[in-house]
Every structure is written in structure tokens, then in C-alpha cells.
Amino acid sequence: MTLRTFTFGMIASFGSAWLFAVVLPFFKTRDVNPVYFADGIDEKTGVYFPKRTGQITTGAKVYAQNGCYVCHTQVVRPTYAGNDIHRDGWAGFKADPDRGDTRRESNVFDYQGEEFAQIGIMRIGPDLSNVGSRYEKTAIALNELNKTKLGDAWNDSMKTSPEALLLEHLYNPRNKPSMRWSTCPSVRFLFNEPAREGLAPSPKPEARALIGYLLSMKKNDTVPASMNYAPPKPAAQ
Ligand code: HEC
């Protein structure tokens, strides 16, 4: 092999990776135009603006500091790059009681308000793009189950909340016997240890911010049909 072919080969192999992984995505996303709701197809009109509530900034920092992104992604892949849509609860819900099929792929607006898009490195744990919606659904289902189980013995103070379930997970992911296998690390250092036995540990402000951030992860607002996995069909003329 001559030096010339070697150099050319090196430039071609590294250059093409750089072109497709850095340059093209940069030009595609650096100047994102507003996406409009389409007349006659969408229920809304005007420009799409993502809705998100919660302590996003502080929580995102705690998430980054603790390396959550190493095992958790925050990207529902475009279907051409691997189908995530079929994983119910990851991309949204197939049969949401109010809105029907809410599943969709991630879009650039999903990371609005974050200093870094924490798309993640590996998927050792589940994708967290919709973890807020999943915990809300789980809390409702658990309350319904306990209500039916306990009958008259049930009262509303026994209700669990998405926050309480997340606190339990963050303090000890292996708390439930069915979750003994979990490899999600505990962040109990973000909690004040209970003063006495029998008392629950109380979360420090960092744990609260992290929970606010996790609960803000819902991709359930109405997006323009052009961004939707299953857009509503246009009305028949
Ligand atoms: C070593 C890899 C690893 C790291 C790092 C990690 N997790 Fe996990 N996580 C997992 C695994 C595996 C699961 C699935 C088992 C379970 O639910 O406990 C999981 C599950 C979860 C769940 C439940 C998701 C669901 O849909 O039920 C949440 C919430 C979560 N992790 C949050 C975090 C947060 C916050 C951090 C950072 C403080 C973090 N994880 C760091 C591996 C990891």
C-alpha cells in the first residue's frame, strides 16, 4: 500500500463518519423552523410549542451529575432507525383513555429548555422519554387495585402518588421483592436518613428536583400531524 492510498483511505473512513454523524445533523438541527398545525387535519391551529412543567433545569443537572444518562436514553427512535413505537409506555400510550393513540417519535422540540439534550449513552434501563406519564398511570392503577382489594377499609389517605413511587425507586430500586434484580443504583445520599427507626427518609432538595425533572418527562401534548406517528385522518369531504 502506498502512503497515498493509505492517507486517502484514512480521510475517506474518518471523513465520512464525521460528515454523517456531525456535519449533516448539525446543519439539519441548527436552524429549526417552527412547525405549524395543518388546517383541516389537526384539531389545533398555529405554531407548535412544546409544553413542559417541573423543575427542569435543576433536576436535569442532578440527573447529569449522577450519570443517569449512562443507562437511560431519552429518545424514542425514528422508526427507520429501530422501532420503539411498539414499546407501550415508551413512546406514549396506544389507548389513552382520553386521547386514543398518543405514541410518537422524539423531535428536537422535546429537549427545549435543557442545556444539554440528555439523549443517553446506553439502554441498560428503560427509555425515560415518557417516564412521567408511566408513573402517573401506575399510581392510578395501584390506587384502583388497592381500593377494590380493601373495599370499606380503604380511605383516601392510603392513596399513593407518582412522586411517592419515584421516591421509593430512587431511595431503593430493589425495595419490592419483585424488583430485587434491578441494577438501577440507589441515590440514597440524596435523602436525609430517618432520625428514628420507623420514620421515612426525607428527600433533600436535589432529590425533589430530580423527581420534578422525571415527572416532567411526558410527551403527551398534541403535536402537528406531520410530527405524529398516527396522525388523525383528515375528515371526509
Ligand atoms: C447501571 C445502569 C443504571 C443507571 C446508572 C441508572 N439506572 Fe435507572 N434503571 C436501570 C435499570 C436496569 C432499570 C430497570 C429496573 C428497574 O425498574 O429498577 C432502571 C429503572 C429506572 C426507573 C424506572 C423506569 C420505569 O419506567 O419503570 C427510573 C425512574 C430510573 N431508573 C431512574 C434513574 C435515575 C434518576 C438514575 C440516575 C440517578 C438512574 N436511573 C441511573 C439502570 C440504571
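Counting convention: from 1, in listed order, for ligands and their atoms alike. Computed from heavy atoms alone, side chains included, the values below leave out hydrogens, waters and symmetry copies.
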Quick check on V62 - does any of its heavy atoms sit under 4.0 Å from an atom of ligand 1?
no
- Message: I'd like to know whether W154 forms a side chain to side chain contact (heavy atoms under 4.5 Å, CB included) with M158, so could you lay out the CA-CA distance, the side-chain angles of the two residues, the decisive distance to 0.1 Å, and finally the verdict.
- Response: CA-CA 7 Å; W154 166 268; M158 297 172 179; 3.8 Å; yes
| message | Does either side chain, that of T73 or that of D127, offer a donor lying less than 3.5 Å from an acceptor on the other one? | response | yes
Exercise. Indicate if the distance from atom 8 (Fe) of ligand 1 to the nearest N, O or S atom of C71 falls below 2.8 Å.
Key: no
Counting from 1 in the order shown, the ligand 1 atoms closer than 4.0 Å to a non-hydrogen atom of G67 are 5 (C)
Determine whether R123 and H72 make a side-chain contact, defined as any pair of heavy atoms from C-beta on separated by less than 4.5 Å. no
Quick check: Y63 and ligand 1, any N/O pair under 3.5 Å apart?
no
The closest protein heavy-atom partner of atom 16 (C) of ligand 1 is M179 CE, 3.3 Å
among protein heavy atoms, the one nearest atom 29 (C) of ligand 1 is L166 CD2, 3.7 Å
If you scan protein heavy atoms around atom 11 (C) of ligand 1, the nearest is G125 CA, 3.5 Å
among protein heavy atoms, the one nearest atom 6 (C) of ligand 1 is P185 CD, 3.3 Å
Open item on the list: Just so I know, are the side chains of M179 and R174 near enough to count as touching, which here means a heavy-atom distance under 4.5 Å?
Closed with: no
- prompt: Of all the heavy atoms in T138, does at least one lie under 4.0 Å from an atom in ligand 1?
  reply: no
Atom 18 (O) of ligand 1: closest protein heavy atom, distance to 0.1 Å, is S182 OG, 2.6 Å
Q.
Could you check whether any side-chain heavy atom of L210 comes within less than 4.5 Å of a side-chain heavy atom of Y63, counting everything from C-beta outward?
A. yes
Counting from 1 in the order shown, the ligand 1 atoms closer than 4.0 Å to a non-hydrogen atom of L170 are 35 (C)
N66 heavy atoms within 4.0 Å reach ligand 1 at atoms 38 (C)
- D39, CG atom: more than 12 neighbouring heavy atoms under 6.0 Å: no
Before giving the answer on side chain to side chain contact (heavy atoms under 4.5 Å, CB included), spell out for Y135 and H169 the whole-Å C-alpha distance, their side-chain angles and the decisive distance to 0.1 Å. CA-CA 11 Å; Y135 268 75; H169 178 87; 3.8 Å; yes
* To do: Flag R134 as yes when one of its N or O atoms lies below 3.5 Å from any N or O atom of ligand 1, and as no otherwise.
  => yes
Less than 4.5 Å apart, side chain to side chain, heavy atoms only: is that true for K219 and V76?
no
Nearest non-hydrogen protein atom to atom 23 (C) of ligand 1, with distance, is Y135 OH, 3.6 Å
V187 heavy atoms within 4.0 Å reach ligand 1 at atoms 38 (C)
Tell me whether the NZ or CZ atom of K137 lies within the 45° cone about the ring axis of F93 and under 6.0 Å from its centre. yes
| Under 4.0 angstrom from ligand 1, any heavy atom of T183? | yes
Ranking C68, G132, P126 by closest non-hydrogen atom to atom 36 (C) of ligand 1, top hit is C68
CG (N146) and OG1 (T148) are apart, to the nearest 0.5 Å, by 7.5 Å
min-distance protein heavy atom vs atom 28 (C) of ligand 1 -> H169 NE2, 3.4 Å
Is a side-chain N or O of R77 found less than 3.5 angstrom from the main chain of D84, in a donor-acceptor match? no
When distances are taken from atom 42 (C) of ligand 1, the protein heavy atom at minimum range is C184 CA, 3.6 Å
task = Could you verify whether a donor N or O on one side chain and an acceptor N or O on the other, from T57 and E115, lie under 3.5 Å apart?
result = no
Nearest non-hydrogen contact to atom 9 (N) of ligand 1 from the set H72, Q65, R180 belongs to H72
